Amino acid sequence: MNPLAVAILAVGALALVNLVLTVGVVRRLREHSDLLERAPVPAVGMPEGMSGIAAVGTSIPSFTAGPPDSPVTDRDLADGTLVAFFSPTCAPCRDKLPGFVARYADRPEEARRVLAVVVDDSGDSHGSDEHGSGASDASMAAALAAVVPTVQESHDGPVTRAFAAKAFPSCVQVGHGPDGGLVVTEVGRWPRTPVAAR
């Protein structure tokens, strides 16, 4: 065989092997990214291994929250609903907010299975801290309410108590048990945020 043809075949074979390896590496990187996205993240201020919210399998007591003319109850939450707790006094919550809002801005079907809870955990119901808890509370709630059902309440509000939320941000998914009651089915799995266009 012509040496030039052999060389061309060898280069072609190497290029093919390189392409296969590159595709394999890209696939593994995507799988790794998915695992990292889905890995539970301990809530801020909680010891490692503690989520600061009701554990998987916990039965959620009945609750009614929100304004009297449009209350939210435990009976309104369908299987697979994500209940996400934010606080305006927590920096990670403010960091997570834009991505969370962007996630549901164009997904109304998914947004119906979300309940965002904005919790004023400042312990001061009259004033504002350096982060402007009062004003930030309202602006955070407004940003969330624009895309998902949202409840705004104090640190001892009915939803916060029902889910034993003590650290923020925290989230759970819920379903219904054999008795029809609400049960926590997953903890700490935040939705994937959309990648910003460059």
Side-chain angles (χ1 to χ4, degrees), residues 41-46 51-54 58-175 182-191 193-194:
V41 178
V44 174
M46 297 299 291
S51 66
I53 200 163
T58 301
S59 294
I60 301 301
S62 296
F63 62 82
T64 300
D69 58 340
S70 58
V72 175
T73 75
D74 55 296
R75 296 178 297 281
D76 297 325
L77 306 186
D79 286 345
T81 296
L82 175 76
V83 184
F85 292 84
F86 294 86
S87 170
T89 62
C90 115
C93 295
R94 295 192 298 274
D95 293 342
K96 187 174 281 294
L97 183 66
F100 190 86
V101 170
R103 165 72 189 189
Y104 294 108
D106 298 324
R107 296 178 171 88
E109 289 299 321
E110 286 185 34
R112 290 191 187 99
R113 289 182 181 262
V114 176
L115 175 63
V117 184
V118 178
V119 181
D120 177 7
D121 65 341
S122 65
D124 181 0
S125 60
H126 302 293
S128 297
D129 62 10
E130 65 177 296
H131 301 298
S133 177
S136 297
D137 201 8
S139 62
M140 179 177 276
L144 289 164
V147 294
V148 298
T150 302
V151 168
Q152 186 177 354
E153 64 182 26
S154 65
H155 69 282
D156 60 350
V159 188
T160 305
R161 279 189 281 110
F163 285 90
K166 296 181 176 65
F168 309 97
S170 295
C171 71
V172 299
Q173 281 193 309
V174 296
L182 208 59
V183 176
V184 174
T185 58
E186 193 166 14
V187 173
R189 183 174 176 178
W190 289 93
T193 56

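Only this structure's heavy atoms are used, side chains among them; waters, hydrogens and symmetry mates stay out. All values derive from a computational prediction rather than experimental measurement.
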Side-chain touch [X]/[Y], heavy atoms, less than 4.5 angstrom:
X: L115; Y: F163; value: no
X: F85; Y: V159; value: yes
X: F100; Y: P169; value: no

Give, for atom [atom1] of [X] and atom [atom2] of [Y], the distance between the pair rounded to the nearest 0.5 Å.
X: R161; Y: I60; atom1: CZ; atom2: CD1; result: 12.5 Å
X: L82; Y: R113; atom1: CG; atom2: CZ; result: 12.0 Å
X: R75; Y: F63; atom1: CZ; atom2: CZ; result: 9.5 Å
X: D79; Y: T81; atom1: CG; atom2: OG1; result: 7.5 Å
X: M140; Y: D120; atom1: CE; atom2: CG; result: 11.0 Å
X: C93; Y: F168; atom1: SG; atom2: CZ; result: 7.5 Å

Exercise for the section: Might you work through the side-chain contact (heavy atoms from CB on, under 4.5 Å) test for T160 and H155, ending with a clear yes or no? Expected result: CA-CA 7 Å; T160 305; H155 69 282; 5.5 Å; no
Which heavy atom of [X] sits nearest to which heavy atom of [Y], and what is that distance?
X: A65; Y: E153; value: CB-OE1, 4.1 Å
X: G80; Y: Q173; value: O-NE2, 3.3 Å
X: I53; Y: S170; value: CD1-CB, 3.7 Å
X: D76; Y: P71; value: OD2-O, 3.8 Å
X: A143; Y: V101; value: O-CG2, 3.8 Å
X: A116; Y: V148; value: CB-CG2, 3.8 Å

Practice task
Please identify each residue that fulfils salt bridge (Lys or Arg N to Asp or Glu O under 4.0 Å) with R107, with sequence neighbours left out.
Solution key: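 Salt bridge (Lys or Arg N to Asp or Glu O under 4.0 Å) check on R107 returns E110.
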Handout entry: With sequence neighbours excluded, residues passing side chain to side chain contact (heavy atoms under 4.5 Å, CB included) with S62
Key =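 Partners of S62 under the side chain to side chain contact (heavy atoms under 4.5 Å, CB included) test: D74.
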Practice task
State whether the number of non-hydrogen atoms from other residues, nucleotides or ligands found under 6.0 Å of D156 atom CG is greater than 12.
Solution key: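 Buried by this count: over 12 neighbours within 6.0 Å.
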Practice task
I would like to know whether T150 and F86 meet side-chain contact (heavy atoms from CB on, under 4.5 Å); could you show each step before the answer?
Solution key: CA-CA 11 Å; T150 302; F86 294 86; over 6 Å; no
